[in-house]
Every structure is written in structure tokens, then in C-alpha cells.
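A quick write-up on the structure given underneath.
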Amino acid sequence: MKTLIKNIKELIQVDDNSRLLVKGKDMANLNTIKDAYLIIKDEIIEDYGSMANLKEDWSIDCDDSIELDATGRMVFPSFCDSHTHLVYAGSREIEYSDKIRGLSYEEIAKRGGGILNSAKLLHNTSEDILYEQSLERIHEIILQGTGAVEIKSGYGLSVSDEIKMLRVIKRLKETTPVIIKSTFLGAHAVPQEFKHNPDEYVDLIINEMIPQVAAEELADFIDVFCDHGFFDVIQTDRILMAGVKHGMKPKIHANELAKSGGIQVGVKYDALSVDHIEYTEEEEINALLNSATMPTILPGAAFFLNMPYAPARKMMEAGLPIAIASDFNPGSSPSGNMKLMMSFACVNYKMLPEEAIHATTINTAYAMGVSDIVGSISKGKIANLFITKEIPTYNFMPYAYGSDLINTIILKGKIL
Ligand code: NIG
Ligand code: FE
């Protein structure tokens with residue numbers, strides 16, 4: 001089966017070299033082809049180029065073919081969202097008004113709200129209902145242009161509820177067209193019953209949760225909320241060491257609420273990414289420069305919690321790559337809309353549209369270990385892409401921040 005998309009006004013984020021990430025000043029150079037075609041064979045991008053070079057016999061080697069005419073419209077690689085908590089029960093808009101009244105994220109957490117509130121809700125929700133609620137969110141982000149997503153556990157906080165969450169993620173992997181990677185985040189918060197002895201909870205994570213999660217092969221990655229009031233560097237170090245021993249690559253929450261040392265401990269364990277990173281200064285930048293770890297900014301959470309913004313420009317000037325993910329979760333970023341995250345990246349972090357496009361596609365693909373198969377328009381990669389509505393320029397995507405500009409979605413070569 002072959003699909004031809006022809007007369008594409010502009011084919012965006014073309015990479016003949018299939019780079020695994022884009023960093024520093026290269027982030028501002030976006031490769032595109034105007035008046036282009038793209039050919040998909042089964043689920044793979046087979047060819048692309050300018051219309052002048054489209055061969056008349058492009059479909060000669062297959063029985064079945066279709067053509068889509070994209071006149072006036074552009075083709076983008078699907079967004080990759082490398083950081084979400086989209087498996088959760090219910091919602092927490094009640095805390096929204098608490099926040100407006102002036103309570104901080106940490107204060108809400110201390111009162112037993114926040115993550116612990118979601119844990120209670122999740123405990124009382126069956127696996128099937130949790131799956132249904134999460135499936136709806138997956139459908140929502142597919143329509144918003146996401147083609148690959150990482151999902152974390154972390155609202156279970158007990159052996160059985162963490163496993164319940166990870167089984168739901170596994171089921172989503174098997175039943176939806178998006179590429180999904182799963183992360184074990186038992187160290188998301190300390191449950192009430194361990195409040196006076198958090199190290200005992202860390203022991204439970206290391207001695208019971210990690211071995212069981214690994215035995216059932218439920219997680220690709222391991223995460224820790226390494227921050228003020230949650231898990232400290234020593235606890236994070238112990239948990240990451242145990243996760244790595246069980247074959248899980250680290251990806252961690254770091255420096256959201258304070259200079260927690262989280263970035264350095266992430267780098268020490270060769271984390272795929274360190275995420276949030278609002279509190280990033282010279283020493284954190286230097287640690288990242290000597291690493292293969294992707295600094296990942298979550299603009300939705302910083303916007304929603306009114307946090308200081310990570311120094312994106314300074315990081316790119318130092319030569320670092322940046323990824324932008326949604327953090328889709330009920331407490332700090334109740335949206336998985338990656339196009340909106342791109343707009344936040346531009347307005348609040350002063351990233352150019354070109355930089356924001358790299359940050360939400362190839363660099364997030366890297367941050368979830370899939371940049372060899374998605375994240376750019378490259379021959380041989382999986383055909384995860386979308387055709388826009390008619391737009392004047394690609395800048396219009398982050399500029400028109402409230403508009404749905406996606407017309408046709410193609411995942412794994414299939415038109416949805
Ligand atoms: O990434 N920072 C920690 N975890 C989530 C928030 C989870 C929640 O509040 O439910 C985050 O922002
Ligand atoms: Fe998060």
C-alpha cells in the first residue's frame with residue numbers, strides 16, 4: 001500500500017541525515033521543502049522531494065495506492081510528547097481555586113491534596129475505568145497532533161496501585177495507534193503512612209516495586225520527583241541505581257521547586273532526560289554539556305503554577321538541545337496540547353518557532369528514546385505526521401495559539 005501526499009505547500013522538519021537530536025544554534029535552522037510531495041509505503045516514509053521531481057510511476061511497484069492533495073496546506077512530523085502523567089483518575093480542579101486564592105503547589109501537597117489526592121482517587125477507581133478515562137485523553141492528544149507519548153505511573157504509591165497504572169499504560173500501548181513508552185514513577189510523592197519515615201517508602205520502592213515492575217516488564221524508564229519537599233538527592237540516587245540494575249533507563253523530575261541537585265544526579269545516571277529544570281544555573285548547564293541527557297522544559301506546568309521560566313535561551317546559547325513536553329497531569333498541567341506548548345515556548349521562553357518545532361518533535365523523540373524512528377521527516381522513519389489546514393506560514397502554528405489547525409492525521413502510515 002502506498003500513499004502519495006502531493007502539492008504540499010511546505011514540508012516541515014525534513015532531515016536527510018536523520019539526526020537523533022538538534023542542539024544549540026542548529027535549533028534555529030529548520031529544513032523545509034516548498035511545493036513538495038511525500039510518499040508513504042505501508043507504515044514508513046519512503047520518499048519525499050519537490051513536486052518537480054515526483055516520478056509519474058511512483059506507484060508502479062504496488063497494487064494499492066491513494067493520493068492526497070495538500071494544496072495550500074503543510075505537512076509536519078507528529079509531535080512527540082516525552083513527559084506525561086495522562087493515566088489518572090478523575091480531576092483536581094478543586095485545587096485550581098485554592099491556587100487562585102494563593103496556596104502554593106507545595107502547600108496544597110502538604111495538606112494531603114495534590115498527588116496524594118490523585119492517589120486516593122486512583123485507588124478507588126477500577127483498572128477498566130482508569131483505562132477508559134485515559135483512552136479518552138489519548139484520543140484527545142491524537143487529534144491535537146501527537147504521535148508518540150511517554151506516560152508515567154506515580155499516582156499509585158503502593159505496589160498494587162502502581163502495577164495497576166502500568167498495566168493500563170501497557171493496554172494503551174496495545175490498543176492505540178500512538179507510540180507509547182512507559183515510566184515507573186513510584187517516587188512521585190511520599191504516602192501519608194510513610195510521612196514520618198520516608199526512607200522506608202524508598203526501601204519499598206527499591207525492594208518490592210522495582211523488582212515486580214521489572215518482572216512483568218511494565219516500564220521502559222524510571223523516574224523520581226527529585227525536589228524540595230519530595231525526594232532528596234540521596235534517595236534519588238538509591239532509586240535510580242536500583243532501576244538501572246533492573247534495566248530501566250532514568251528520566252527524572254528535577255529542579256522544579258528549587259535547586260535540588262536533581263540535574264546532576266540525573267546526569268550521573270546517564271538519564272535520557274531531566275525535566276522541568278526551572279532552577280537551572282551555570283553549574284547545571286555545565287553538567288548537562290558533558291552529557292547525553294536531554295534538558296526538557298515543561299511550559300504548561302510553569303504557566304499553570306506561575307513558576308519562574310527555565311533559561312532556555314541561555315541553554316541554547318551554551319550549545320545545549322532543548323525539548324518541550326506537556327507534562328499532561330491533573331495537578332500542574334491539565335493539557336496535553338503540544339501545539340499550545342509550542343506557543344508557550346515562543347512567548348514565555350522567547351524560543352523561535354523553528355526552535356520550538358525541533359523541541360516538540362525530534363528532541364522530545366530523543367527524550368523518550370524513539371528519535372531513530374520518529375520525530376522528523378526522514379526516509380525510513382515511521383510515517384507519523386499531520387497535514388495542516390490552509391496556513392500562510394509555519395510560524396502561524398504557534399502564533400494562532402487557540403486555533404485547531406490540523407486537518408488530516410496519519411499515524412504508522414494510516415490515515416485516521
Ligand atoms: O510533573 N512535579 C511532579 N509531578 C507532576 C505533577 C503531578 C500532580 O500534581 O499531580 C509534574 O508537574
Ligand atoms: Fe511531571
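Side chains included, hydrogens not; waters and symmetry mates left out as well; all remaining heavy atoms used. Remember, it's a predicted structure, so these values are computed and weren't measured experimentally. As the structure lists them, so they are numbered: ligands from 1, and atoms in each ligand from 1.
The single protein non-hydrogen atom nearest to atom 12 (O) of ligand 1 is S332 OG, 2.5 Å, given as residue, atom name and distance. Of all protein heavy atoms, the one closest to atom 9 (O) of ligand 1 is Y105 OH, 2.6 Å. In terms of protein heavy atoms, atom 3 (C) of ligand 1 is closest to F225 CE2, 3.2 Å. Of all protein heavy atoms, the one lying nearest to atom 2 (N) of ligand 1 is E256 OE1, 2.8 Å. Closest to atom 4 (N) of ligand 1 among all protein heavy atoms lies H188 NE2, 2.8 Å.
Near R92, the atoms of ligand 1 lying under 4.0 angstrom from a non-hydrogen atom of the residue are 8 (C), 9 (O), 10 (O). Each of the atoms 5 (C), 6 (C), 7 (C), 8 (C), 9 (O), 10 (O), 11 (C), 12 (O) of ligand 1 lies under 4.0 Å from some heavy atom of N329. Atom numbering of ligand 1 starts at 1 in the shown order; those under 4.0 Å from a heavy atom of I115 are 7 (C), 8 (C), 9 (O), 10 (O). Counting the atoms of ligand 1 from 1 in the order shown, those under 4.0 Å from a heavy atom of H83 are 1 (O). Contact atoms of ligand 1 toward Y155: 7 (C), 8 (C), 10 (O) (distance under 4.0 Å to a heavy atom of the residue).
At least one N, O or S atom of D327 sits under 2.8 Å from the Fe ion (ligand 2). Metal site remark for the Fe ion (ligand 2): H85 contributes an N, O or S atom at a distance under 2.8 Å.
The existence of a salt bridge linking K350 and E355 is excluded, since no basic side-chain nitrogen approaches an acidic carboxylate oxygen closer than 4.0 Å. With respect to R171 and D128, a salt bridge is recorded, a charged nitrogen being found less than 4.0 Å from a carboxylate O. The pair K259-E284 meets the salt-bridge criterion, with a side-chain N (NZ, NE, NH1 or NH2) lying under 4.0 Å from an Asp/Glu carboxylate O. With salt bridges taken as basic N to acidic carboxylate O contacts below 4.0 Å, one links D270 and K249. D203 and R238 are joined by a salt bridge, as a carboxylate oxygen and a charged side-chain nitrogen come within less than 4.0 angstrom of each other. Ion pairing of E216 with R167 is present here, as a side-chain N (NZ or NE/NH1/NH2) and a carboxylate O approach within less than 4.0 Å.
For the residues D223, T84, D227, D327, the heavy atom positioned nearest atom 1 (O) of ligand 1 is part of D327.
By the 3.5 Å distance cut-off applied to N or O atoms, S118 is not counted among the residues near ligand 1.
Under a cut-off of 6.0 angstrom, the local environment of CD1 in I234 is sparse, with at most 12 non-hydrogen atoms contributed by other residues, nucleotides or ligands.
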